[in-house]
Structure formats: C-alpha cells, structure tokens
Amino acid sequence: MLKVDYEACTGCKVCEKVCPFAAIVVVPETKKAKVLDTCTLCGTCVNACKFEALSIERRAISEEELAKFSGVFVWGEWEKKEDDNKIKKVVLELLGKGRELAEKLGETLSVILPGYNVEHLIPELFHHGADKVYLCEHELLEQYTTDGYATTISSVIATEKPSIVLYGATPNGRDLAPRIAARLALGLTADCTGLDINESRQLLQTRPAFGGNIMASILSPYTRPQMSSVRPNVFSKPNPDSSRTGDIVRVKVNLSRIVIRTKIIEEIVSKDDSINIEEAKILVSAGKGIGDKENLKLIEELAQELSGTVSGSRALVDLGWIPHPQQVGQSGKTVAPTLYLALGISGAIQHLVGMSGSDTIISINNDPEAAIFKVSDFGIVGNMFDIVPEFIKQLKEYKLKKQDK
Amino acid sequence: MKIVVLVKQVPEADKVAVDPETGTLIREGITSILNPYCEYALDEAVKLKNAHPEENIEIVTISMGPPQTKLALLRCLELGADKAYLLSDRKFAGSDVWATSTALKEGVVNLEPEFDLILAGKQAIDGDTAQVPAETAEQLGVPQITYGVKVQIVGKKVEVKREIETGYQIVSARMPALVTMSKGSNIRRIPSMKEVLNARKKPLEVLTADDIGIDENKVGLKASPTQVARIFAPPEKVGGEIIDGSDHIDSAKKLLEFLIANNYIKE
C-alpha cells in the first residue's frame with residue numbers, strides 16, 4: 001500500500017508530475033495527495049517526495065537467512081547443430097557477466113548443465129569463466145521439455161542454494177525460468193539489460209519497462225536465489241582462456257516418464273538461413289517506409305550485395321510481409337550485428353531497444369526528425385528509392401574495379 | 001468442455017512516448033487495448049468452439065487489472081467469449097509476475113475449477129516478458145505448451161503446433177493444460193454490430209479479492225518477490241553524422257565511402 005502522511009504532505013504536486021501512471025493527484029480542496037486505483041506501487045513518487053510524506057510498506061528478511069545462499073548459477077542451454085550439440089552463445093555471454101557478479105560477491109560461478117551426451121561441452125564452459133559444472137545427464141533430457149528441465153534444475157537449486165540464477169531469454173528460457181520461479185516461489189526479472197551488485201550485496205536487475213519508454217531497476221530483497229533472464233546479444237561474450245579448468249559435479253537425476261507431461265510428436269526444421277537474424281553479421285532492415293511489399297525486392301538485393309540478411313520492424317510482420325522470426329525489436333529479437341542498415345524505419349523505442357547494441361548503425365529515412373537518426377553512426381535524410389538503387393549500382397562498379405586490379 | 005482465456009489490457013505501446021526533459025510518460029491520447037496476443041488466444045478458442053459443436057464449449061475470459069480493464073473484457077465478449085470475470089482490487093496493486101499468477105490461479109480455481117484448457121497470449125506487448133502464463137500453469141499444476149500457432153483437440157489431449165527457433169514442433173499434452181498463443185493464422189478483426197450488441201447481454205462480473213477468497217497477504221506488492229527500486233529515463237543517445245540526401249548520387253557515394261572506410265565491403 002502506498003500511504004500518504006497528511007501532516008507531512010504540502011500539496012507541492014511533485015508526486016503528480018513524476019508518476020508514470022497518473023495514479024496520484026493533489027486534491028485542490030484539501031491540497032493533499034490522493035492515491036488512485038491505477039497506482040502500481042512502483043515507488044517513483046516515494047523517491048521524488050522531498051517531505052517524506054509518501055511510503056510503501058515492504059517486507060524484510062533477516063541477514064542470516066540471506067547468507068545461507070551463495071554462488072552465481074547459469075543455466076547451460078545447448079542446441080543440436082549438424083548432429084552435434086553446441087552451447088548456446090547466450091550462455092557464454094551470461095558467463096562473462098556472471099563472472100563479474102561472482103567476483104564482486106566473492107562467490108563462485110557455476111553452470112547447471114542438464115542434457116544427454118553433453119559432457120564434452122564442459123571445457124568450453126570453464127574456458128569462459130565457470131568454476132564448477134553441475135552435469136545432469138539423463139536420457140529423458142535428450143530433448144528439451146518444460147517438465148523434465150524444470151524438475152532437474154529446481155532440484156539442483158533447492159539443494160545447492162545459489163544466491164543468483166541466470167537464464168538466457170531464448171524461447172526455451174522463457175518457457176523454463178517462470179516454471180522454476182513459480183515452483184520455488186521466487187522472483188524472476190525477465191529480459192534484463194543490466195545486472196550489477198549493489199552495496200547491500202543484492203542483485204540489481206535493470207530492464208526496460210512500459211514498452212521500453214522507461215528503465216526500471218528491480219530487486220528481489222527477500223527471496224533467494226534472485227533469478228533473471230537476459231536476451232541473447234545483450235552482454236558481450238568474454239574471451240576464452242583455454243588454460244582455465246574447474247570442478248565437475250555429477251548430479252544423479254531422478255526422472256521418470258510420468259513427470260514429463262508433454263510429448264513431442266514431430267519437429268519441422270526450417271532450412272531457411274535467413275531466419276537466424278540473431279547471429280547475422282550484417283542486417284539490412286526494412287520498416288513501414290518501404291511502402292509496398294514489392295519494394296522488399298530492393299531490400300533483398302541490397303542485402304545480397306552486402307552479404308547481409310534481411311530483417312524488419314514489427315510493422316512489416318504485422319502486415320505479413322516478413323515472417324516473425326525476422327522481426328527486430330522488443331516483441332521480436334534483440335540483435336547486435338556489426339552493421340545494421342535501417343531503411344524506412346522511423347525508430348520507435350520498441351525497435352531501438354532491439355538493435356541499439358549494433359556496432360555500426362546506418363539509416364536512410366525521409367523524415368529528418370526520425371528517432372532512428374539519434375542512434376545512427378551515419379544517416380541520410382532522403383528518398384531511399386533513389387539512393388538505394390544508385391548505391392547498389394556504385395557498389396557493383398566498385399567491386400568490378402577491385403576485381404580488375 | 002470449458003476453455004478459460006487469460007487476457008490482459010495494455011496501453012497501445014506505439015503511442016507511448018517519454019518526455020526527455022522530465023523523464024515521465026506523455027500520457028495524452030494513450031488508449032488501452034486488449035493485448036493482441038490475448039486476442040489471438042481468444043480467436044483460437046472461438047475456432048475450437050466452432051470446430052467441436054459436440055463438445056458444447058464454453059469460453060470464459062479472466063483478467064486481473066484496474067476497473068477500466070472491463071473494456072478489454074467487453075471486447076472479448078464481442079469477439080466470441082461467453083462469460084468474463086475481472087479481478088479488480090487495490091489489494092492486487094504492485095503485483096509482480098508471481099503475485100499476478102497467484103491471483104489468476106486463485107481466480108481460475110475459485111471461478112472455473114472444472115476447466116479443460118487454458119489459453120493465453122504468449123506475451124503482453126507492454127512488458128514482453130512472457131512469464132505470467134507459465135507461472136500460472138505451474139501454480140495450477142498443469143502442463144504448458146508455449147508459442148502455439150495452432151491448437152487442436154484430439155480426444156482428451158490437446159495437440160499444438162508451436163514455434164521453435166529452428167522451425168516448428170508438434171507437441172501434445174493431456175488436458176487440463178495451458179497453451180500460450182503466438183500470432184499463427186489469426187488476425188485482429190473488428191466485431192460486427194450484431195456481436196457488439198450481443199456482448200452487452202453476456203455476463204461480465206467484477207470481483208474483489210474477498211469475492212474469490214484470496215488471502216490479501218498472497219497478492220499485491222507484499223507478496224511480490226521482485227520490487228521496483230527505481231524508475232528512470234533511458235539514456236539519451238548521441239547520433240553520428242547525418243547528411244542531406246537530396247542529391248542521391250552524391251549521398252550513395254558517401255555511403256559507399258563510409259562502408260569502405262569501416263571495412264564493411266567484402267569483395
């Protein structure tokens with residue numbers, strides 16, 4: 001509950017101004033703040049009030065209870081690639097960040113690795129910063145299932161009592177992490193863009209809120225472990241150190257078929273490479289500004305000339321012009337290619353949060369006020385239908401000249 | 001047969017902006033809508049109802065939110081739901097994923113304990129976290145299938161075509177189960193005048209925590225393991241070189257030079 005201390009309230013209206021949800025007003029008659037039904041208890045007004053007239057009741061837990069939990073854990077997600085298993089890139093990215101957190105806390109960094117025939121993946125985890133790997137092998141874990149994985153990981157967490165558990169916010173990560181959180185009655189902060197340790201040794205989880213328009217720092221003050229998910233390409237992969245090694249803990253997995261309540265009947269693997277925009281080095285991305293589905297051909301031609309991959313904004317997916325796996329942005333994928341070309345993309349905040357981690361951003365848009373220019377390293381205010389064909393022509397000429405030499 | 005559809009009302013995200021001076025949201029003209037993925041989930045429920053007249057399917061929508069969420073539920077009734085419940089109470093304020101899923105679970109258990117299938121949107125477009133349905137499924141003790149694009153009822157089982165990173169999977173589970181829906185073949189539609197008028201005759205109940213017997217210590221901020229410590233405006237980005245592209249030949253040349261200088265052109 002958000003409480004107003006009427007003696008302290010001066011009716012200064014600062015709370016009214018800072019509230020992101022228009023949920024607090026100063027009543028003219030009484031000149032005192034009044035909390036409305038729309039209040040989400042986000043605490044913004046409490047921080048802003050100079051007169052300490054606002055307070056939120058929050059629960060506390062003892063220091064001794066918290067101290068029982070120690071260690072940073074990462075879920076070691078892997079995937080089948082060309083008949084071999086491979087650690088997902090996001091796991092290595094999380095190991096980089098996890099190492100940082102573990103060192104700040106003076107704790108160890110571990111990976112929980114459920115699967116079958118995955119022991120050979122362990123050295124790569126050590127090379128990227130893990131001190132310990134909990135190897136949970138069982139034939140029922142050969143394929144990802146919600147129940148099989150949630151049960152296995154929950155039991156490791158419950159026995160090992162880590163202080164932090166991190167998950168990649170991949171499709172499976174988003175399926176799994178909430179299941180574990182609910183099982184253990186824990187907090188879970190999804191899609192974090194920043195993770196740090198505060199002066200009270202708590203995990204400070206930063207994520208975009210309210211459609212990416214504001215950032216929120218989130219704590220899990222009285223439950224352990226603190227759990228977060230992070231999208232691929234948000235943190236950078238650490239440089240591997242092939243001399244690093246660590247401990248392997250073989251976990252005895254008790255799993256029976258009855259526990260796994262879903263059955264995979266069939267898997268239809270798409271051979272289309274263009275689907276994996278998360279790993280593309282160069283992305284040529286189109287937005288509403290291309291005007292017509294036919295104009296996608298121009299985008300495709302440009303992508304081909306630059307050895308890049310086509311992606312797009314939500315508008316194009318909603319129109320059905322490009323498939324959802326190629327969507328960049330908050331409701332699509334977060335990408336961080338070395339080069340991102342934005343054509344006819346205005347740069348709504350939901351799009352920007354999905355691509356602003358790119359090394360170089362180039363944009364062409366006819367609106368000089370387009371927000372995309374604010375994040376661009378190189379921008380052209382102009383008509384893409386004139387500029388792009390001319391650019392392709394010049395690029396071809398340049399390549400020919402190079403060949404001749 | 002009973003299908004429960006869990007829905008959320010969201011601000012129309014594209015229209016939200018932040019004031020760079022004060023860091024607060026510009027609220028004028030923001031409308032709230034039924035979250036599109038929840039709408040796809042409802043559409044899928046309606047498709048199942050039409051495909052299985054022998055099952056006599058009843059579609060019940062449940063939402064938790066402030067009183068104005070009634071509008072989103074009315075929309076559900078227009079689009080084919082038979083009944084709607086809104087869990088609305090100040091005691092729910094400040095609920096995070098865990099506390100929200102607790103309230104939804106209690107709602108389902110108290111209002112529609114005989115459910116066969118729960119459908120939900122894969123995520124809400126304001127938070128995009130995709131976590132509430134899975135936590136609700138866990139709290140209800142039922143299996144879940146996420147990212148569905150097509151749902152079929154085969155005897156006592158539900159069979160779902162779902163999106164995975166490399167393509168699609170067909171997954172089945174015995175009911176009761178919870179399925180979250182991606183877009184699939186569903187499209188957002190405008191209800192007919194007849195549907196709009198009809199919806200007003202359907203039951204839409206607003207219930208408090210006491211009405212459904214939820215212990216107030218289990219919901220809201222107090223019961224939320226995550227707490228917002230601070231809200232702030234995202235850091236302002238500083239852009240690079242912006243050129244005037246009215247001369248398309250010259251600007252194409254400059255673009256090529258930029259790409260060459262930064263080693264992006266492969267021969």
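Heavy-atom basis, side chains included; hydrogens, waters and symmetry copies ignored. Letters A, B, ... are given to chains in the order of the sequence lines, protein chains preceding strands, and every chain is numbered from 1.
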Part of B:P36 within contact of chain A (heavy atom distance under 4.5 Å): neither

Against chain A, label B:Y147 side chain, backbone, both or neither, depending on which of its atoms sit under 4.5 Å from a heavy atom there. side chain

Regarding A:R179 and B:Q144, do their side chains bring together a donor and an acceptor under 3.5 Å, going by distance alone? yes

Rounded to the nearest 0.5 Å, what separates atom OG1 in A:T262 from atom CZ in B:R162? 8.5 Å

Give the minimum heavy-atom separation between A:R174 and B:T129, together with the two atoms involved. NH1-O, 3.7 Å

Mind checking whether A:V35 and B:R90 have side chains closer than 4.5 Å, heavy atoms only? yes

Side chain, backbone, both or neither: which part of B:K122 has a non-hydrogen atom closer than 4.5 Å to chain A? side chain

A:Q394 side chain reached by B:I249 side chain, heavy atoms, under 4.5 Å: yes

Within 6.0 Å of NZ in A:K393, more than 12 heavy atoms from elsewhere: no

Is chain A contacted by the side chain of B:E241, its backbone, both, or neither, given a heavy-atom distance below 4.5 Å? both

Measure the spacing between CD1 of A:I268 and CD of B:Q169 and express it to the nearest 0.5 Å. 9.0 Å

Quick one: does B:Y264's side chain have a donor or acceptor within less than 3.5 Å of a partner on A:I282's backbone? no

More than 12 heavy atoms of other residues, nucleotides or ligands under 6.0 Å from CD1 of B:I190: yes or no? no

